[in-house]
Amino acid sequence: MIYRPFPQAVPNAFVIDKVGIAPCQDGCPAGQHAQGYISHIREGHFEEALRIIREDNPFPSVCGRTCHHPCEGRCNRRLVDEPISIMHLKRFVVDYVYAHGLPRPLEPAPRTRAERVAVVGSGPAGLTAAQDLVKKGYGVTVFEALPVAGGMMRTGIPEHRLPKGILQRDIDDILALGVELRLNNPVRDPTRLLKSRGGEYDAVYLATGVSRQTSLGIPGEDLEGVLSAIAFLRQANLGRRVNIGKKVAVVGGGITAVDAATTALRLGAEEVSLVYRRSRGEIPAYPWELEEAEAEGVKLVLNTVATRILGENGKVVGMECARSQQLSRIDETGKRVVVPETGTEFVMEVDTVIRAIGQFSDLTFLDPPFDRLIGDEETLATEIEGIFAGRGVIPGAGFVIEAVALGHEVATSIDRYLRGEPLRQPPPPKRPVEKWDKEEAEAKVRLGVIKRAPRQEPARLPLEQRVRTFKETILPFTEEQAIAEANRCLDCGICSECHRCVWACEKGAIDHNMQERLEEIEVGAIILATGFELYDARKMPQYGYGRLDNVYTALEVERLTNAAGPTAGEILLKDGRRPQSVAILHCIGSRDRQHNAYCSRVCCMYSMKLAHLIREKTHAQVYEFYFDITAFGKGYTEFYDRVQEEGVIFMRQGGAGGRAGGRTAVGARRGHAVG
């Protein structure tokens with residue numbers, strides 16, 4: 001909320017209420033302003049919602065479908081009932097804007113810098129860095145070895161979770177900004193791209209991709225019918241023929257394993273088993289992913305270890321397994337080591353085994369020695385000047401939003417490098433997070449501040465339509481569902497950071513990341529203009545302030561006259577009636593040795609302004625009780641004459657003291673009311 005604290009605020013500036021950032025934003029690796037775009041959805045402003053999403057995330061269509069949404073795990077609403085369905089709200093916004101042809105201003109970014117940057121790899125990290133750099137004014141070219149862009153988003157996520165046309169529209173929006181994309185262009189020696197080595201580019205970013213998978217380490221892995229999940233999904237997503245049998249075993253428990261299993265079903269497998277060495281509660285895939293896979297027909301074989309793959313004539317015919325046994329020893333992941341339990345062996349009859357037990361990001365697409373380049377932990381710069389890369393080998397398939405965050409980091413470092421600025425910067429101050437505890441949330445429910453409301457769930461494609469096709473499984477929210485879900489948001493940080501103020505401010509004066517700071521400034525002189533101090537009229541009990549109804553300070557009356565005040569601009573008595581006569585008392589607490597001995601020389605004109613407002617709004621008879629009138633400024637005497645002509649009655653006396661039962665008494669001192 002943007003507002004002036006009150007009409008007489010000193011300084012008379014606007015403020016934005018904040019108690020900290022919302023926990024959903026804090027939980028997002030890329031710092032998505034989820035509470036901001038949710039506030040736009042609540043009001044039906046879907047174009048603005050997409051605009052704020054794209055400020056931090058160039059892949060809203062992708063993340064609206066496949067994000068692991070850590071934001072929802074931090075949502076304060078989870079302490080009341082269930083977290084806000086942030087991922088599905090993101091998807092709704094993107095799909096709605098595209099489906100309804102709403103404007104998406106995507107003009108090429110102006111080229112303001114002479115330098116050019118090469119990005120090797122068109123996955124989420126590479127394309128995010130490319131977008132950021134082209135927005136900063138650089139020329140950017142993305143090199144991709146495959147005939148299609150998107151990296152693991154294209155080749156690792158199956159069509160029924162992420163349709164490739166949906167992914168392509170996010171990529172097209174990035175290219176529309178002026179990013180050049182060169183497909184079928186593998187890079188083996190990145191130094192040849194640098195100007196210092198005869199190339200065309202001032203900096204290069206090696207956008208690490210997932211290309212290596214670990215083996216099971218058991219006999220029979222070289223048999224025909226044993227596949228890597230990465231290779232299997234890549235072939236399927238590129239539309240190439242993949243030969244699988246009727247009975248498929250997928251070894252692993254992560255999302256890649258689940259994707260491989262559900263893809264195998266759609267490619268014609270009659271039986272698909274997911275074999276995992278630990279219990280259901282320890283499986284890496286999310287519960288809802290497992291539930292969807294089981295509903296489609298995938299069989300979970302838990303607490304089971306694959307011990308060898310059996311073959312005949314060089315082809316897979318079975319897989320020997322055993323029940324798993326946990327040892328007291330802890331592995332590098334912090335979990336107990338699992339081994340086969342002797343005497344529990346059994347054979348699964350399968351003709352295809354897909355291993356999905358771990359992937360690694362690496363640079364194996366480069367020639368030695370460049371395949372071992374590692375970016376600095378802080379700056380992401382490698383040992384070769386001008387070349388930037390990720391922080392070494394990263395286990396796991398990774399998450400799109402984490403790659404987006406890395407892309408933002410790389411773009412910032414490359415920009416500093418090309419500007420000749422130090423790459424190492426002090427970390428930005430940590431912004432406070434408005435994180436609740438269970439007791440606080442329950443108290444808000446008891447007080448009626450929060451009402452429980454069910455979480456909206458998207459519809460699913462009927463089972464009979466999805467098991468043998470690659471149609472998208474999860475359907476989007478309806479408009480009614482999206483608005484209802486957005487209304488569940490608790491606005492934890494008060495300011496939702498919807499960025500309306502940022503977009504409206506032509507001077508670019510609003511910075512939501514601003515932190516309180518102390519600065520030492522050298523000056524030649526200091527002028528103190530500390531403003532007024534409100535006099536406590538209760539120190540003069542004879543006037544009844546704080547004790548009798550309808551005795552107000554001048555500030556309270558002015559607050560009543562304001563349209564944003566408690567009475568919407570009307571001056572009313574405590575019982576809701578308009579006053580018939582009003583007494584304004586001058587010099588309360590002033591010119592009195594027991595309180596303040598001086599005269600501020602402003603109260604007279606201020607009291608006359610109030611008299612004018614009261615007459616205008618209520619037509620009441622107004623009396624001014626005064627010692628003498630000080631009208632020292634330009635036009636002040638004329639205003640004094642005007643209010644008298646309007647019918648205000650001035651009564652001069654040594655003091656004011658009346659107790660008219662149905663009347664309103666107002667006093668003023670030093671530019672503000674006193675009682």
Side-chain angles (χ1 to χ4, degrees), residues 109 111-155 171 174-175 177-212 234 238 360-394 403 406-421 423:
R111 179 76 180 274
T112 59
R113 305 280 302 179
E115 298 89 348
R116 298 183 66 193
V117 180
V119 176
V120 181
S122 66
L127 287 175
T128 298
Q131 173 189 266
D132 287 2
L133 288 165
V134 83
K135 283 183 173 181
K136 293 177 185 293
Y138 297 100
V140 182
T141 303
V142 176
F143 293 85
E144 172 55 57
L146 292 175
V148 290
M152 286 298 290
M153 296 182 296
R154 175 82 66 169
T155 63
I171 295 173
I174 295 172
L175 300 181
L177 297 171
V179 174
E180 179 187 2
L181 174 63
R182 297 185 187 178
L183 300 173
N184 298 304
N185 263 273
V187 172
R188 301 296 182 191
D189 180 355
T191 60
R192 292 186 178 181
L193 297 171
L194 291 170
K195 280 185 179 179
S196 58
R197 308 288 181 94
E200 303 176 22
Y201 300 93
D202 300 274
V204 176
Y205 169 39
L206 305 176
T208 301
V210 176
S211 55
R212 184 157 57 94
R234 179 183 291 124
L238 292 176
F360 293 89
S361 62
D362 56 24
L363 296 174
T364 54
F365 57 88
L366 301 176
D367 290 336
F370 311 116
D371 59 343
R372 297 189 178 183
L373 287 175
I374 295 177
D376 179 83
E377 280 291 322
E378 182 181 343
T379 68
L380 300 167
T382 69
E383 60 192 44
I384 301 176
E385 185 175 350
I387 295 183
F388 294 76
R391 298 178 175 93
V393 175
I394 306 297
L406 177 64
H408 289 317
E409 280 189 75
V410 172
T412 299
S413 278
I414 291 176
D415 180 47
R416 288 189 186 127
Y417 169 74
L418 295 177
R419 291 178 182 274
E421 299 174 357
L423 294 185

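Note: hydrogens, waters and symmetry copies are ignored here, and every other heavy atom, side chains too, is used.
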| Close side-chain approach of Tyr417 to Leu423, heavy-atom, < 4.5 Å | yes

| Is a side-chain donor or acceptor of Arg111 paired with a backbone partner of Ala114 at a separation under 3.5 angstrom? | yes

| field | Side-chain heavy-atom pair Tyr201, Glu115 within 4.5 angstrom cut-off | value | no

| request: Give the minimum heavy-atom separation between Ala130 and Val140, together with the two atoms involved. | output: CB-CG1, 3.7 Å

| query | Does CZ belonging to Arg192 count more than 12 external heavy atoms closer than 6.0 Å? | reply | no

| Interatomic distance, Thr141 atom OG1 to Glu200 atom CD [nearest 0.5 angstrom] | 7.5 Å

| said: Any donor-acceptor pair under 3.5 Å linking the side-chain atoms of Asp202 with those of Tyr138? | reply: no

| task | Measure the CD1-CG distance between Ile374 and Leu206 for me, rounded to the nearest 0.5 Å. | result | 12.0 Å

| query | Arg182 and Glu144: salt bridge (Lys or Arg N to Asp or Glu O under 4.0 Å), yes or no, with the steps? | reply | CA-CA 6 Å; Arg182 297 185 187 178; Glu144 172 55 57; over 6 Å; no

| said: Working to the nearest 0.5 angstrom, can you tell me the gap between Ile174 CD1 and Leu127 CG? | reply: 5.0 Å

| task | Report the residue from Ile414, Asp132, Thr379, Leu380 that forms a side-chain contact (heavy atoms from CB on, under 4.5 Å) with Glu409. | result | Leu380

| request: May I have the step-by-step check of side chain to side chain contact (heavy atoms under 4.5 Å, CB included) for Val120 and Leu193, ending in yes or no? | output: CA-CA 10 Å; Val120 181; Leu193 297 171; 4.1 Å; yes

| task | Please name the pair of heavy atoms, one in Val119 and one in Ala207, separated by the smallest distance, quoted to 0.1 Å. | result | CG1-CB, 4.4 Å

| Is the closest side-chain heavy-atom distance between Leu183 and Val148 below 4.5 Å? | no

| field | Heavy-atom closest pair, residues Glu378 and Asp376 | value | N-OD2, 2.8 Å

| task | Tell me, with the steps shown, if Arg234 and Arg154 meet side chain to side chain contact (heavy atoms under 4.5 Å, CB included). | result | CA-CA 8 Å; Arg234 179 183 291 124; Arg154 175 82 66 169; over 6 Å; no

| Okay, side chain of Ser122, backbone of Gly150: is any donor-acceptor separation there less than 3.5 Å? | yes

| message | Tell me the closest heavy-atom pair linking Lys136 and Arg113, and the distance in Å. | response | O-CG, 3.7 Å

| query | Is there a side-chain contact between Thr191 and Phe370, using heavy atoms and a 4.5 Å cut-off? | reply | yes

| Any side-chain heavy atom of Ile384 sitting closer than 4.5 Å to one from Arg197? | yes

| Heavy-atom side-chain proximity of Leu406 to Arg391 below 4.5 angstrom | yes

| Nearest heavy-atom neighbours spanning Ala118 and Phe143 | CB-CE1, 3.8 Å

| note | Between Ala125 and Tyr205 the two heavy atoms that sit nearest each other are CB-OH, 3.5 Å

| said: Contact between Thr155 and Leu146 at the side-chain level, heavy atoms closer than 4.5 Å - yes or no? | reply: yes

| query | Between Val117 and Leu418, is any pair of side-chain heavy atoms under 4.5 Å apart? | reply | yes

| field | Glu421 atom CD, neighbour heavy-atom count above 12 within 6.0 Å | value | yes

